[in-house]
Amino acid sequence: MERFTGKSVVVTGAASGIGEATARSLVREGGRVVIADLQEERGAALAEQLGPAAVFQKTDVCIEDDIAGAIHRAQREFGGLDGMVNNAGIVGAVGSIMETSADAFDHTMAILSRAVFLGIKHAARAMKERGGAIVSISSTAGVMGGLGPHTYTMAKHGVVGITKSAASELSALRIRVNAVAPGNIVTDMTSAVISSDPSNHDLAAKAIARMSPLGIAGLPEDIANAVLFLLSDEARYLTGHTLVVDAGQTTGGAPADFHRAPADEMLHAGKRRSQG
């Protein structure tokens, strides 16, 4: 299936993790991709591996001209821009809110929130004559509290908010704006949080699977699949939406290895309490 034949997409943070999986999937389905990332060696290697359908553009998402430059690269190399994926991210400031420095807060917000604003801004300018689709990566921390550090949670809630707000303006230009909120996904970033070793994906996968209501670990490809759906014409009637991909964690689903009492025992216990 080649849903993206003739279409070009900029993916920030595309040299690794969810961004890399998204770039690979887009090229596999006929698309052309600008890999916008600060990781020069990994980004250039990925572009070479993907062939003429991909180019690497060194991009610091904290710098407005860099984001605009990645979009201009897509226009120059591929004749226009059809999709934008605001994916670049970090964990950022951690610890008690009472001890978080303003500098750490500002740096985290610049990458996780300001960069999304800039990506939507410049992508919309490039798409205003032809329409297109924008997808930003939020998080389950963006739809609930307590699932991430304070600043990360604030920024990811902001992604959900600007997705709705921008969608309300840009729909008149046939530009769809959506977001994906991943749960725990096996990436270098989550591996570093779980084991202090970004390369220890096996340990991260086991830990994530234990926490998952479905009993499986989320992979970058699971999020890439959601992103590609939202970018594609299959989602032509969908805008302003945040698609949660988390194995049911935000529905209150308990970890798969959590043993509950059988439903009939729970029912009888409830009756006994009500009669008492």
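We number each residue from 1, following the sequence as shown.
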Check: Does a side-chain heavy-atom distance below 4.5 Å link M84 with T12?
Finding: yes
Note to self: Checking the side chain of H107 only, and the main-chain atoms of D103 only, is there a donor and an acceptor separated by less than 3.5 Å?
What the structure shows: no
Next item on the list: Please check if the side chain of S138 supplies one atom and the backbone of K156 the other of a donor-acceptor pair under 3.5 Å.
Entry: yes
Checklist line | Test side chain to side chain contact (heavy atoms under 4.5 Å, CB included) applied to I185 and I223, step by step | finding: CA-CA 8 Å; I185 305 298; I223 307 306; 3.7 Å; yes
Check: Are L243 and N178 side-chain neighbours, meaning at least one heavy-atom pair lies under 4.5 Å?
Finding: no
Item checked: Test side-chain hydrogen bond (donor to acceptor under 3.5 Å, both in side chains) applied to Q39 and S16, step by step -> CA-CA 9 Å; Q39 302 178 80; S16 60; 3.3 Å; yes
Note to self: Are the side chains of L46 and F56 in contact, using a 4.5 Å heavy-atom criterion?
What the structure shows: no
Notebook entry, point to check: Counting only N and O atoms by type, is there a donor-acceptor contact under 3.5 Å from the side chain of H157 to the main-chain atoms of A141?
Noted result: yes
Check: Which distance, rounded to the nearest 0.5 Å, do you find between the NZ of K58 and the CD of E40?
Finding: 4.0 Å
Next item on the list: State, with a plain yes or no, whether a side-chain heavy atom of R176 is found less than 4.5 Å away from one of I134.
Entry: no
Item checked: Residues K7, D233; criterion side chain to side chain contact (heavy atoms under 4.5 Å, CB included); working and verdict -> CA-CA 11 Å; K7 294 187 176 182; D233 291 339; 3.2 Å; yes
Note to self: For a quick test of reading the model, state the closest non-hydrogen atom pair linking T239 to A167 and the distance between them.
What the structure shows: OG1-CB, 3.5 Å
Notebook entry, point to check: Heavy-atom distance under 4.5 Å between the side chains of T187 and P220, does that happen here?
Noted result: yes
Note to self: I'd like to know if the side chain of D66 and the backbone of D60 have a donor-acceptor N/O pair within less than 3.5 Å.
What the structure shows: yes
Item checked: Donor-acceptor pair, side chain of T153 and main chain of P149, under 3.5 angstrom -> yes
Notebook entry, point to check: Do the side chains of L81 and V10 get nearer than 4.5 Å, heavy atoms only?
Noted result: yes
Next item on the list: Step through the shown structure and confirm whether more than 12 heavy atoms of other residues, nucleotides or ligands are within 6.0 Å of CD on Q75.
Entry: yes
Check: Is N184 close to S212 at the side-chain level, that is, under 4.5 Å between some pair of heavy atoms?
Finding: no
Next item on the list: Kindly determine whether L230 and V180 satisfy side chain to side chain contact (heavy atoms under 4.5 Å, CB included), including the steps that lead there.
Entry: CA-CA 9 Å; L230 292 173; V180 175; 3.5 Å; yes
Checklist line | Candidate pair L228 and N225, rule side chain to side chain contact (heavy atoms under 4.5 Å, CB included), full reasoning | finding: CA-CA 5 Å; L228 262 65; N225 289 339; 5.9 Å; no
Notebook entry, point to check: Hey, does V61 have a side-chain heavy atom less than 4.5 Å from the side chain of I111?
Noted result: yes
Next item on the list: Using atom types as modelled and distance alone, determine if a side-chain donor or acceptor of T151 lies under 3.5 Å from a backbone N or O of A93.
Entry: no
Notebook entry, point to check: Atom CD of E64 and atom NE2 of H122: how far apart are they, to the nearest 0.5 Å?
Noted result: 3.5 Å
Note to self: Looking at D82 and G132, would you say the former's side chain and the latter's main chain have a donor-acceptor pair under 3.5 Å?
What the structure shows: no
